[in-house]
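I have placed the structure first, in the form of structure tokens, so that the comments after it can refer back to it.
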Amino acid sequence: VTSWNSIIAGYFQNYRPQEARSLFDKMPERNTTSWNSMISGYVKNNMLNHARKMFDMMPERNVVSWTAMVRGYIQEGAISEAESIFHQMPEKNVVSWTVMLGGLIQENRIDDARRLFDAMPEKDVVARTSMISGYCQQGRLAEARELFDDMPRRNVISWTTMISGYAQNLQVDIARKLFEVMPEKNEVSWTAMLTGYTQCGQVEEAYDIFERMPNKPLAACNAMILGFGQSGKVVEARRVFNQMGVKD
RNA sequence: GGCCAGAACUCUGGAU
């Protein structure tokens, strides 16, 4: 059963819902994970109505089934429906809460999001980072920073979120300070810092970051080229373009 | 110990 379930997920990842379905129909036995794979697969492929049918048909639902449906409605922008499902859930875990939190943030209902956040029975690093990200999107950096400082644990994503928040809100110097002290950086962190500089019109600094990057992913090259382009440095932009491995 | 659900960067496309 486990193998079949994996194949189903694989079909959906490759946008082949019909093949996933026919495999599902042929399976000699199914467990809750099989049904859940169908639901989340349909959600991924923007086929919420199919997901819902599966959800209604399945013999028993667990917290993953419910959470996938909440996520589906959020993705469709049907927030009140998502909230309704969320409140109907027989049990919720930290993931369910975080999905709902993300839905409110997506709707710019940041204060509602905060209330939900405060109501969470437990908050892990993902939930906290999501809330921080929401505040950053609204330019409410002080509140974001307070949550960040209070985190019991941070990972590279939490750090990058906070840095990016400062950078996007034109506080690139504060972003840089955090960037320098973060314990480990990945490609996204570097690119976020680079973008912060280009958006503040500090192309030299951006290029300095770019050069110091251990490797230069496509996203960083894109950001760098755009940064040069916006400040009229066409030659430099061209040079970066010519250096990149995969162009698109 | 294994991608059935959740958080971060650039661009593009789609939907509104």
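Each chain gets a letter, A, B and so on, in the order the sequences are listed, and its residues count up from 1.
Under the 6.0 Å cut-off for aromatic ring centres, A:Phe117 and A:Trp97 do not qualify, their centroids lying 6.0 Å or more apart. Under the 6.0 Å cut-off for aromatic ring centres, A:Phe24 and A:Trp35 qualify, their centroids lying closer than that. For an aromatic pair to be called close, the ring centres must be under 6.0 Å apart, and A:Trp190 with A:Phe179 satisfies this. For A:Phe148 and A:Trp159, the distance between ring centers is under 6.0 angstrom.
Per the geometry, CD belonging to A:Glu122 stands 17 Å off P belonging to B:rG6, to the nearest Å. Distance A:Asn93 CG to B:rA5 P: 12 Å, rounded to the nearest Å. Rounding to whole angstrom units, CZ of residue A:Phe24 and C1' of B:rC4 are separated by 12 Å. Going from atom NZ of A:Lys44 over to atom P of B:rC3 covers 12 Å, rounded to whole Å. Counting to the nearest Å, the C1' atom of B:rC3 and the CD atom of A:Gln13 are 6 Å from each other. Rounded to an integer number of Å, the gap from A:Asn155 CG to B:rG6 C1' is 13 Å. The CG atom of A:Leu101 sits 11 Å away from the P atom of B:rA7 (whole-angstrom rounding). Spacing between atom CG of A:Asn5 and atom C1' of B:rG2 amounts to 13 Å, rounded to whole angstrom units.
When every heavy atom of A:Leu116 is checked against every heavy atom of A:Leu101, the shortest pair comes out as CD2-N, 3.6 Å. Shown here for A:Thr32 and A:Ser65, the closest heavy-atom pair between the two residues is CG2-OG, 4.1 Å. Minimum interatomic distance between A:Val43 and A:Gly72 (heavy atoms only, all atoms of both residues): CG1-CA, 3.7 Å. Scanning all heavy atoms of the two residues, the minimum distance from A:Met38 to A:Ala20 falls at SD-O, 4.1 Å. Summarising the geometry of A:Gln106 relative to A:Ile74, their closest heavy-atom pair is NE2-O, 3.3 Å, with the distance given to 0.1 Å.
For the atom pair CG of A:Leu226 and OG1 of A:Thr195, the computed distance is 9.0 Å after rounding to the nearest 0.5 Å. In this structure, the separation between CE on A:Met151 and CD1 on A:Ile132 is 5.0 Å, given to the nearest 0.5 Å. Separating the CZ atom in A:Phe210 from the SG atom in A:Cys221 is a distance of 4.0 Å, to the nearest 0.5 Å. A:Glu76 CD to A:Glu81 CD: the interatomic distance, rounded to the nearest 0.5 Å, is 10.5 Å.
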Q.
Once pairs are restricted to Watson-Crick or G-U wobble with both distances under 3.5 Å, how does RNA chain B read as a dot-bracket string, [ ] for crossings and | for other-strand pairs?
A. ................
Heteroatom pairs (N/O) under 3.5 angstrom, protein to nucleotides 12-16 of chain B:
none

For nucleotides 9-11 of chain B, print each protein N/O atom paired with a nucleotide N/O atom at under 3.5 Å, atom names and distance only.
| residue | atom | partner | partner atom | Å |
| --- | --- | --- | --- | --- |
| B:rC9 | O2' | A:Thr195 | OG1 | 3.4 |
| B:rU10 | OP1 | A:Gln168 | NE2 | 3.4 |
| B:rU10 | O2' | A:Ala223 | N | 3.4 |
| B:rU10 | O2 | A:Asn222 | ND2 | 3.0 |

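Taking the six-membered ring where tryptophan is involved, the planes of A:Phe228 and A:Tyr207 are tilted, since the angle between them lies from 30° to 60°.
The stretch residues 129-154 of chain A touches RNA chain B through A:Thr129, A:Ser130, A:Ser133, each having a heavy atom within less than 4.0 Å of the strand. In the region residues 25-37 of chain A, proximity to RNA chain B at under 4.0 angstrom, judged on heavy atoms, holds for A:Thr33, A:Asn36, A:Ser37. At a non-hydrogen distance threshold of 4.0 Å, A:Val64, A:Thr67, A:Arg71 from residues 54-89 of chain A come into contact with RNA chain B.
Salt bridge A:Asp112/A:Arg115: present, at least one basic N to carboxylate O contact under 4.0 Å. Note on A:Asp173 versus A:Lys177: no salt bridge recorded, every NZ/NE/NH1/NH2 to OD/OE distance being 4.0 Å or above.
For the residue pair A:Ser22 / A:Asp25, no side-chain donor-acceptor distance below 3.5 Å is found, with atom types taken as modelled.
Nucleic acid contact for A:Asn46: none, since no nucleic acid atom lies under 4.0 Å from a heavy atom of the residue.
Each of A:Phe55, A:Tyr15, A:Phe12 was checked for a ring-ring contact (aromatic ring centres under 6.0 Å, His included) with A:Tyr42, and the lone residue meeting it is A:Phe12.
Note: the hydrophobic cluster containing A:Val188 does not contain A:Tyr197 (ILVMFWY, side chain heavy atoms under 4.5 Å, direct or indirect links).
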